[in-house]
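Please read these numbers as outputs of a predicted model, since none were measured by experiment. Chain naming here is simple, since letters A, B, ... match the order of the sequence lines and numbering starts at 1 in each. Computation of the quantities below employed the complete heavy-atom set of this structure, encompassing side-chain atoms and omitting hydrogens, waters and symmetry-equivalent molecules.
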There are 4 protein chains.
Amino acid sequence: MNERSFIARLNIITTMNEKKTRILAATEKLLAEFGFHGLSMQMVAKEANVAAGTIYRYFNDKDDLLNQLHDHILSYIAAQISHGVVDTMPIKQRYRTMWLNLWHMTLNGDAPLIIRGQFQNLPCRSKQERKHLSQKLFSSVATMFNEGKACGLFKNIDNEVLSILSLETSCNLARRQINGGLQINDDELEAVINASWDAIILH
Amino acid sequence: MNERSFIARLNIITTMNEKKTRILAATEKLLAEFGFHGLSMQMVAKEANVAAGTIYRYFNDKDDLLNQLHDHILSYIAAQISHGVVDTMPIKQRYRTMWLNLWHMTLNGDAPLIIRGQFQNLPCRSKQERKHLSQKLFSSVATMFNEGKACGLFKNIDNEVLSILSLETSCNLARRQINGGLQINDDELEAVINASWDAIILH
Amino acid sequence: MNERSFIARLNIITTMNEKKTRILAATEKLLAEFGFHGLSMQMVAKEANVAAGTIYRYFNDKDDLLNQLHDHILSYIAAQISHGVVDTMPIKQRYRTMWLNLWHMTLNGDAPLIIRGQFQNLPCRSKQERKHLSQKLFSSVATMFNEGKACGLFKNIDNEVLSILSLETSCNLARRQINGGLQINDDELEAVINASWDAIILH
Amino acid sequence: MNERSFIARLNIITTMNEKKTRILAATEKLLAEFGFHGLSMQMVAKEANVAAGTIYRYFNDKDDLLNQLHDHILSYIAAQISHGVVDTMPIKQRYRTMWLNLWHMTLNGDAPLIIRGQFQNLPCRSKQERKHLSQKLFSSVATMFNEGKACGLFKNIDNEVLSILSLETSCNLARRQINGGLQINDDELEAVINASWDAIILH
DNA sequence: GATGAATGAGGATTCATTCAT
DNA sequence: TATGAATGAATCCTCATTCAT
């Protein structure tokens, strides 16, 4: 995903000041390129074409900037994961679509920071707060799991656990493919999707 | 796991200078507590009760310290994962044992850094080098997957993928339990182990 | 020469930021007092009444600071050496004027660093680059030597060698007078100027 | 000059502990190679094949080591400058011999530290003390100048000044040749020697 | 609101010196 | 006497944050 589309994404989701948007976009780009270690506020300012001090009109401090970025990316993932999914589709098809949405997002590096777990080490807000946000956003996933359990297709296990056992393997595999070695072709990909599906259905 | 036991662990695994051991132990502790962001060499020195300069007798620089720590922890996990596993046990039993070993290590915070993926952002040695080390260490896991595939029990999928689909869900769940909300009792735990097992066996 | 006049000098020669000027002035002063060995960036900052970080807005690093200082001083010497010299004056008179200009600059400590050869040990830019700069600046000296050779007054020797044999004895003597012992009165001074003149004229 | 010959030189000049000699030799070698900036006591210890602490049995501190090295090198130069000179030789021949001795020493880098003025920035002993040492050592030079003045050959100028005007141009030229550009062939060398001679004789 | 120069505490690393062995 | 591991102050440099314009 390029910077332009990121800005578009943010502006669709929320009404947001244009400079604030540029700052968030710059931050994500630099974070993906250099990691936390290599991210400085001056770099962000330069990349966003604003003065260093301007950042502090929109964000309390560096942590606040990173936290707000986190939330925006999470919103984006939540929106993207159900792209092409409608509640009238068969559950298996919905599952496959979401799995592949996550897979492609991860491979494309669309949301590298959250998906790669890069936000875990931040001096951050309470985990509770983050969890609530997360649950609110991923309603389409919850809907799918609930329906599946209701009709006796899925195991009767907590939704979050089901997600870890099935959908999130998508991220883990994609990440491993990016990091090294692992190569997965189309046939293998289908096999993996089905294997992860096996983990949550009743046999 | 407290610092004392970490030191014991390192000294069991290798013959190692006592001060070098203290430095590694201090680094792990601080990393778990503050993350990469908040780790300074001064802190490490203070925690290890050595002078700042002393660290540089045993490690070339900060990266070297972190890399050596990575390798030691990886060795530890590799050793612990097959604790109580013998090749004559039924495959399912071996799997369950390993799954629980990983589960408890993660919950205990024995190896928080690798398990939490905290080493992925390091300015590090080649991914190839790391992968080789990793493969060498986890032979008991590979043996299990190979046997399972040979006797028609497991799906014919690459070992690394099988691991992500099944064993590593253990870490992901445990981590989520630590981070917030999620509570899993003993019955649920068995259900989850079986669900992850379903992902890799043929049906 | 005191610090104030140094600042004035720099500002005359070039348009330059006032803080950058203060930093250069402080560096020269401290270098003359403590030598390279004893020069730290903190000292420079303190002497220049700026914060340590400010230095790095104007100079890439310590080497850059020292190199820029070198070039400024060289420009100053080049400007001063021909003070009071016009091309219509007899060659001997031009020579004497330049010799005394160098002598007084050295005695006054106007340009202690270059004159004392203190810049020779710098981890520096290419010698070629320095030589080119040097040649460009000292055109009035070159003109004098060339005219002198053309009219059969001077020995037919490379200009740089002529300079070492004659003009530069001025610096060496002045330096020795500063460092210790050697005292030279006005009569002796004239004798020395003439002696150095003898080295380059044909007899 | 290689290290072996330096050790030989030192041992000839004075009776000296063998380890102390090795330390001085190592210091000179490293100083010539890396300059003051790049010289550490651990390097010296390693190069001299002694422990770091051992240096402090023979020298009070780093400054003392450098000062003692200075004096030894000065002794060496004083000894070498009159190599091949006997008081019965004509003055001009003595002069030429000394001039060339200095020239070759400088070019060979035999005594790079003193000759290049590298010792001037040391936090050092009093200039007086150094001057006395210097005068004591260079008696053959003083003898030549005194004889020359007595027989009406040389100008009646202080010996130290005469030295700067004539002999020391040798070092300055050689240094310039090492540092860059300047190339001097044998014919030119003779011309330069004669030019420097012209500076001090009566015409 | 916006700027960007200035700040100075804090970072990793080096190295002269000491001292228990 | 000799060692060399250990020290910790000092080095250069970065960067989050502020504030006068």
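Within residues 51-61 of chain D, the residues that have a heavy atom under 4.0 Å from DNA chain F are, in order of number, D:A51, D:A52, D:G53, D:T54, D:R57, D:Y58.
If you check every strand for non-hydrogen atoms under 4.0 Å, A:L65 touches nothing. If you check every strand for non-hydrogen atoms under 4.0 Å, C:M41 touches sugar and phosphate atoms only.
Between C:V50 and C:Q42, the residue anchored nearer the 5' end of DNA chain E, judged by the nucleotide with its closest heavy atom, is C:V50.
Under a 3.5 Å cut-off, the side chain of D:T54 and the backbone N or O of D:V50 do not form any donor-acceptor pair. One N or O on the side chain of B:K62 and one on the backbone of B:L39 form a donor-acceptor pair closer than 3.5 Å.
OP1 or OP2 of E:dA6 sits under 4.0 Å from a side-chain N or O of C:K19. Remark: C:K62 is not in phosphate contact with F:dC13, judged by side-chain N or O atoms under 4.0 Å from OP1 or OP2.
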Item checked: Bracket string, DNA chain F, 5' to 3' - pairs by Watson-Crick or G-U geometry under 3.5 Å, | interstrand -> .||||||||||||||||||||
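When each of D:T27, D:D61, D:I23, D:L65 is paired with D:M41, the side chain to side chain contact (heavy atoms under 4.5 Å, CB included) condition holds for D:L65 and for no other.
Computed from coordinates, the D:L39 CG to E:dC15 P distance equals 10 Å when rounded to whole Å. The separation between C:I23 atom CD1 and E:dA5 atom C1' is 12 Å, rounded to whole Å.
Comment: C:K29 does not engage C:E33 in a salt bridge, judged by the lack of any side-chain N to carboxylate O separation of less than 4.0 angstrom.
Geometric assessment of D:K20 against the ring of D:F59 yields a positive cation-pi assignment under the 6.0 Å and 45° thresholds.
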